[in-house]
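Computed from heavy atoms alone, side chains included, the values below leave out hydrogens, waters and symmetry copies.
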Amino acid sequence: MEEPQLLQQQEEEQSQSVSLQDCLKLLKGEQDEQRLAGLLLVTKSCKSDDLVSLRAIYDAVGPHFLDRLFRTGLGKGVVSSGSGENRDAYLQLSVSVLSAFCRVSEIASSKEMVSKVPMIFEVMSMKSGMPVLEECYEFLYLVSTASEDGLTAVYESGGIKLLAHQMSALPDGIVENDHLSELSVIVTKIARQFALLQNALKFEALHLLSAIFSSEYSTLLHDALRVIQNENWSNHMRDGVATILQNRVAPAEKFEALILAESMVSIKGEGWLIGQINLPNVQDPIPADRCLLLVLESSRVEVAVLLNELAYSKYEASKSSSSTAETIISKQQKVTVVFSLVEKIIKLISNIGETEGHVLDENTFIKATNGLNETIGVVLEYLQDAKEHGQKVGNDLLASVRLVGSYLAEAPVACEDKITELLGYMLSVEGEHESSPFYSVCFLLPMLCQKTMKIEGCKLLASSGGYKAAKPLTRCSLGSDILNCDFYMYNNPLTLVVDCLMKLIEQNRNGVENNGCIFLACDTIMNLLKMEQITFSEDESTFISLLKALALWTEKTNDQSFIMLASSICTLIFDMTSENALLNHPSFSSSCLDSLSRLIARSLASWGQDMSDAAKADMDLLEIVTAGYSRWADRFPQIQKAVGR
């Protein structure tokens, strides 16, 4: 270290030592004025991480004076130099130094600090502003995590209810990244009490945990909780949730338990729903799948109730009611929670043999499947109601399509009659900020891809069409097909899937990867083309748009799978047209044909004895391209020339 820096550090240490000595001298004085001055000096000069100095200062001032100062701030006592008009200043000073002293764990766990927990809650009930509120939270965190007595005091003082109330209205900035680890520790502590308590305090813990996990910083909190090594807290959460759901409690409290379940599945994965449950005073073993079935059944009931209430609010309630809009938003937010849970249960059931060794017996599997079938049936009824009322735009409708799509991805033949009736409508559903259907098609792609592998599925999709309100989808040149009614049918569902694929390609080129959906859309289009359910003349503009998108997309990619997918689709389209026909189309250019020629040449170049592993994996696609090329090469001299180079 250079000499000037060393001198500066020595001066700072000497200054800090002088300040500490000054503080201790004042704090040991006989007059309250001296002690007050010493405490003020502490707040200005003592570093928060200097635990040795904090301990020395605490010993010097003593708990008796701190208690008198705190009570004076609360209006319950008087220091010799104080008066009523200085009460707020005394309260601020006392809370500041108490929270500072509690950074020393031995002080935080002392009976003197534990005894002040009720008074801290009293301060919080009176004061809502910063910074005293933040220092109250710090005090409670330090005391409750330092000892079991501290946490017990928090519960027995009735402060949990106050915390739950205030948690939903915290001032901006009070919970920042550097506080999240502390909040995560509090959550783990409360989780234990949530599991073990069997009195009214259990519900206070439920309310507080629900408020924390419903807050705007819950996502960041999830990240902080994922890195906690101790698994006991997540087991405690499962025990508490199961207890609430299996007993007769108010609907609001059951929903709060579902909020906790949804958060825990987001943090720990779907496997959290299956695990040993340990309840106080229960000797017989509880099946490991009990929590799963309780959550599913409670979610099924909530879905039925919420969707029924939503439908009534949207279609039956008086439109003049000022509370209708707020009611709808509130219920839509609740639907989001239960839909998320059901979707994760679908994922769990479908992967049960692969999920962390979890196994369900046949009886549980049947119960879960029946519960999911009933839930999806309710959601389909809700969509049917919306269709009959001419509604196709709404995040609740889009969320419903997503849930149905998740289920059909695993059980494509489920609810077949209802799906046949509603498929066209579901493909047309839009979110509130969409200008045309996109996400609804993405959500249904797994089912569409599976169904179109057979001719019956292709015919179903071709006959279903898709509803579009008011305005045509100009990109696909369907304006001439508008009917003289509130809705018109798309000429062909290929238009919807192609439009979806082109948006996915555009997102991919802009750095947003969604390869799974791209593969599904491409496979669905190829299935329709191979089954010859569409013709070029009927969908000319759609095919031209698709060829242009594929040409642009593959020009700058070296991903062999994408190249083979695009080549296969182009090959099947070329079966229905010719080079001259394409070049005569006003929207198709020679530069686009050049790109497509290079695409076909690149795909065919992978054929041979020295094929890469990637090319071998795409052998079925390569066979489509080579067979197709042999059929139409004479009609595409420019592509033939590019391949021959």
Exercise: identify the closest heavy-atom pair between L596 and F574: CD1-CZ, 4.1 Å
Polar side chain donor-acceptor pair, S340 to K344, under 3.5 angstrom: yes
Stepwise side-chain contact (heavy atoms from CB on, under 4.5 Å) test for D396 and F339: CA-CA 10 Å; D396 57 322; F339 273 16; over 6 Å; no
Nearest non-hydrogen partners of I505 and A549, listed with the distance: CG2-O, 4.2 Å
Whether over 12 other heavy atoms sit under 6.0 Å from K367 NZ: no
Residue among V498, L572, L520 satisfying side chain to side chain contact (heavy atoms under 4.5 Å, CB included) with I525: V498
Parallel, tilted or perpendicular: rings of H207 and F203 (30°, 60°): tilted
Identified side chain to side chain contact (heavy atoms under 4.5 Å, CB included) counterpart of S440 within the set L445, V404, L397, L398: L398
Ring centre gap for F562 and F519 strictly below 6.0 Å: yes
Side-chain donor/acceptor of R238 to backbone N/O of I277, under 3.5 Å: no
Listed partners of A409 passing side chain to side chain contact (heavy atoms under 4.5 Å, CB included), at least two apart: P446
Spacing of S350 atom OG and I345 atom CD1 [to the nearest 0.5 Å]: 11.5 Å
Y407 side chain reached by N373 side chain, heavy atoms, under 4.5 Å: yes
N363 CG: over 12 foreign heavy atoms closer than 6.0 Å: yes
Euclidean distance, E623 CD relative to T571 OG1, rounded to 0.5 Å: 12.5 Å
Close side-chain approach of V241 to M264, heavy-atom, < 4.5 Å: no
Donor-acceptor pair, side chain of T336 and main chain of Q332, under 3.5 angstrom: yes
Flag side-chain contact, heavy atom, 4.5 Å: L552 against S595: no
Intermediate values then yes/no, side-chain contact (heavy atoms from CB on, under 4.5 Å), K387 and L383: CA-CA 6 Å; K387 175 185 175 183; L383 289 170; over 6 Å; no
Closest approach of P437 to D499 (non-hydrogen atoms, all atoms of both residues): O-OD2, 4.3 Å
Passing candidate, salt bridge (Lys or Arg N to Asp or Glu O under 4.0 Å) with E309, options K314, K331, K334: K331
E362 atom CD, over 12 foreign heavy atoms within 6.0 Å: no
Flag, side chain of K392 to backbone of V429, donor-acceptor distance under 3.5 Å: no
Atom pair CZ/OG of R635 and S578 - distance to nearest 0.5 Å: 7.0 Å
Between CZ on residue R402 and OH on residue Y439, distance to nearest 0.5 Å: 10.5 Å
Nearest heavy-atom neighbours spanning L444 and G405: CD2-CA, 4.0 Å
4.5 Å side-chain heavy-atom contact, L225 and L221: yes
S266 versus E262, side-chain donor and acceptor atoms under 3.5 Å: yes
All pairs passing ring pair (Phe, Tyr, Trp, His ring centres under 6.0 Å) where residues 378-402 contributes a residue, at least two apart: Y315-H389
Any side-chain heavy-atom pair of N247 and T243 under 4.5 Å: yes
Nearest-0.5 Å distance, NZ of residue K451 to CE of residue M453: 12.5 Å
Minimum heavy-atom distance L341-A261, with the two atoms named: CD2-C, 4.0 Å
Working for side-chain contact (heavy atoms from CB on, under 4.5 Å), residues K347 and N351: CA-CA 6 Å; K347 182 179 178 181; N351 298 325; 3.6 Å; yes
Side-chain donor-acceptor pair present, T364, D361, cut-off under 3.5 Å: yes
K548/M502 under side-chain contact (heavy atoms from CB on, under 4.5 Å): CA gap, chis, key distance, verdict: CA-CA 10 Å; K548 290 163 64 177; M502 289 192 293; over 6 Å; no
pair L348-I274: side-chain heavy atoms closer than 4.5 Å: yes
Nearest atoms (heavy-atom pairs only) where S234 meets W272: O-NE1, 2.9 Å
Expected output: side-chain N395 to main-chain G431 donor-acceptor under 3.5 Å: no
Donor-acceptor contact below 3.5 Å, side chain N527 vs main chain D523: yes
Student check: side-chain heavy atoms of C291 and V295 closer than 4.5 Å: yes
R300 atom CZ: more than 12 heavy-atom contacts under 6.0 Å: yes
Side-chain donor or acceptor of N508 paired with backbone N/O of L504 under 3.5 Å: no
Side-chain donor or acceptor of T554 paired with backbone N/O of L550 under 3.5 Å: yes
K503 and S436 side chains, donor-acceptor separation under 3.5 Å: yes
Student check: side-chain heavy atoms of I419 and M426 closer than 4.5 Å: yes
Distance, nearest 0.5 Å, that separates CD of Q450 from CG of L408: 9.0 Å
